[in-house]
Number of protein chains: 2
Amino acid sequence: MTSPQTASPQTAGAAPRTTLTRARVLESAVALADRDGLGALTMRSLAKELGIEAMSLYHHVANKEDLLDGVVDLVAAEIQDAVAALEPLPADAPPSAWKPAMRRQILTARSVLLRHPWAPTVLETRKSFSLHVVRYFDSLLALMRRGGFSYDLVHHAMHALGSRALGFSQELFEPDGAAAGSAAGGLPEAGAEDETVAMLEQMAEQVPHLVEMLAEVAHEQPGSTLGWCDDQTEFEFGLDLLLDGLDRLAADGRR
Amino acid sequence: MTSPQTASPQTAGAAPRTTLTRARVLESAVALADRDGLGALTMRSLAKELGIEAMSLYHHVANKEDLLDGVVDLVAAEIQDAVAALEPLPADAPPSAWKPAMRRQILTARSVLLRHPWAPTVLETRKSFSLHVVRYFDSLLALMRRGGFSYDLVHHAMHALGSRALGFSQELFEPDGAAAGSAAGGLPEAGAEDETVAMLEQMAEQVPHLVEMLAEVAHEQPGSTLGWCDDQTEFEFGLDLLLDGLDRLAADGRR
DNA sequence: ACGTAAGGCTTACGCCGTAAGTCTCCTCCG
DNA sequence: CGGAGGAGACTTACGGCGTAAGCCTTACGT
């Protein structure tokens with residue numbers, strides 16, 4: 001793997017070291033977190049794991065946030081691989097096939113996350129989604145579209161499922177914080193959100209359904225550019241979905 | 001509020017300072033987190049807020065974890081107060097009244113949490129629930145029981161609602177981590193879990209439904225003392241509840 | 001009146017992330 | 001083939017964190 005094979009005996013002539021790449025750093029970080037927990041993942045301990053000094057890591061990651069971004073992306077890629085290995089829906093499947101297919105994808109994602117129990121926590125703290133995560137979401141949207149969902153319903157559905165869609169049960173879309181913070185505003189504000197928009201548009205072909213949904217949902221709500229949805233409405237939608245379902249089960253019991 | 005009213009002029013004769021109590025420390029911590037965010041809540045900054053030195057805080061809280069425990073408890077108490085202010089269910093309400101009543105409680109809890117956006121994050125990291133949180137849960141259980149739920153269904157329901165029951169959308173019961181860790185075991189193991197059991201039994205009269213539910217659910221699952229439930233089963237239960245509900249909505253659209 | 005302990009303060013330690021600077025090769029170009 | 005340049009390691013150091021350990025004052029109970 002070294003560029004030429006002159007392994008550079010160095011002073012003492014230790015192993016070639018394979019020169020260390022960002023990929024190797026991220027893989028080590030995942031392994032370390034898997035083994036010793038998220039708390040054990042520090043720049044110093046990761047460096048020790050790799051046999052280098054802490055500061056050397058900064059040649060491959062910008063800072064710790066970037067490291068965590070990369071680590072999440074790696075796990076998301078693992079999920080995507082697992083999902084891609086499933087049999088695809090046959091082209092002539094009926095609309096109702098969306099449900100078992102989606103169930104399978106979500107449980108597959110979950111099986112991967114069970115190997116990285118710390119990942120949800122990290123995922124939650126990211127400011128923007130990794131490409132792999134977004135693509136995975138897009139595949140779920142595609143399934144719902146085939147089930148005959150309007151984009152509006154798809155949108156509510158993603159909120160209701162929340163992070164369950166990724167195989168665990170924490171909320172990905174920020175719980176309340178940021179939305180509450182910018183609730184007063186409403187217009188562009190030219191901040192990091194614009195970058196998000198630009199990024200999304202740029203990967204339009206990679207995540208067609210997502211982009212289309214955003215376009216549709218965005219312009220039917222007057223005040224919101226990407227703020228982006230009414231958290232209260234979404235919360236109540238998901239809540240009612242659950243309460244209604246539970247009530248049905250309870251009513252069966254009462255009968 | 002000082003024991004006698006001799007306000008102790010001290011050396012320079014500043015304000016009486018009301019002597020500082022655990023309650024005042026916790027209230028300040030909540031205020032600080034509300035104002036500057038969770039990241040700004042450090043022992044040093046909290047001390048500065050109170051006009052004392054960091055180490056002095058340790059006379060009122062055991063350590064930072066204990067501080068956070070207390071802060072969560074304070075927020076939970078605020079939720080309980082808000083819920084208690086709602087009109088109680090009339091004694092002759094029909095079973096079906098559980099649903100709107102529960103909805104109201106949950107949305108009330110949410111309205112409190114919107115004032116403390118950092119609280120869910122902290123709540124999630126607690127090792128055990130505060131008394132106020134547990135009592136709030138018990139009140140939800142009580143409503144479901146009046147709706148004719150079996151304890152088994154109540155149990156599934158709490159998992160499915162997850163932290164939505166507290167007004168936000170993150171999972172309270174640990175996502176996967178601890179359960180996966182002790183999956184191999186199964187029997188008592190005489191660790192912190194025993195303390196939890198003892199504590200729960202001790203407050204049996206404060207949270208009757210919860211205790212009863214635990215008793216019932218526990219002995220019908222062979223391998224688990226308080227490990228405590230099959231996460232996979234609960235995950236699938238909640239997932240199916242949502243998928244079924246969504247499918248119903250989508251089918252309406254298709255029609 | 002005095003012992004005592006509650007509740008402040010000071011100092012110091014070992015972690016953390018990371019800014020800044022240095023040294024040592026490898027690679028590429030003339 | 002020789003020297004420039006840069007990539008990628010290392011060293012040192014800083015400020016912030018939680019908190020262990022110890023000191024000093026003050027107020028209260030006896």
**Study point:** Short side-chain to backbone donor-acceptor contact, D34(A) and H116(A), under 3.5 Å
**Key:** no

Check your understanding: Given dT19(D), dA9(D), dG17(C), which nucleotide is nearest the side-chain atoms of R44(A)?
Key -> dG17(C)

Practice item. Nearest 0.5 Å please: distance from the OG atom of S128(B) over to the CG atom of D69(B). Key: 6.5 Å

Check your understanding: Roughly how many Å is it from CG in L20(A) to P in dG8(D), rounded to a whole number?
Key -> 9 Å

Exercise for review: List in numerical order all residues of residues 54-62 of chain B for which some heavy atom is under 4.0 Å away from an atom belonging to DNA chain D.
Suggested key: M55(B), Y58(B)

Practice item. Working to the nearest 0.5 Å, report the span between OG of S28(A) and NZ of K48(A). Key: 14.5 Å

Review point. Between dC17(D) atom C1' and L41(B) atom CG, what is the distance in whole Å?
Key: 12 Å

Point to revise | H159(B) side, atom NE2; T233(B) side, atom OG1 - distance, nearest 0.5 Å | key: 10.0 Å

Practice item. Rounded to the nearest angstrom, tell me the gap between atom NZ in K48(B) and atom C1' in dT10(C). Key: 16 Å

Check your understanding: Between dG18(D) atom C1' and L38(B) atom CG, what is the distance in whole Å?
Key -> 15 Å

Exercise for review: Could you check D36(B) against L41(B) for side chain to side chain contact (heavy atoms under 4.5 Å, CB included), going step by step and ending with a plain yes or no?
Suggested key: CA-CA 8 Å; D36(B) 300 337; L41(B) 178 55; over 6 Å; no

Point to revise | Interatomic distance where CZ belongs to R22(B) and P belongs to dA6(C) [whole Å] | key: 16 Å

**Study point:** Residues which pass side chain to side chain donor-acceptor pair (under 3.5 Å) with S139(A), listed by chain and number, not counting sequence neighbours
**Key:** Q105(A)

Review point. With a distance cut-off below 6.0 Å to the six-membered ring centre and an angular limit of 45° from the axis, does R110(B) pair with F235(A) as a cation-pi contact?
Key: yes

Review point. Can you tell me if E78(A) and H132(A) form a side-chain donor-acceptor pair at under 3.5 Å?
Key: no

Review point. Tell me: CG of D66(A) to C1' of dG17(C), nearest whole Å?
Key: 14 Å

Practice item. Please determine, by modelled atom types, if T42(A) and S45(A) share a side-chain donor-acceptor pair under 3.5 angstrom. Key: yes

Exercise for review: With a 4.0 Å heavy-atom cut-off, tell me which residues in residues 29-37 of chain B come close to DNA chain C, sorted by residue number.
Suggested key: none

Revision key, fill the gap. When rounded to whole Å, the CD to C1' distance for the pair E53(B) and dA12(C) reads 15 Å

Review point. For I52(B) and dC9(C), what is the distance between atoms CD1 and P respectively, to the nearest whole Å?
Key: 6 Å

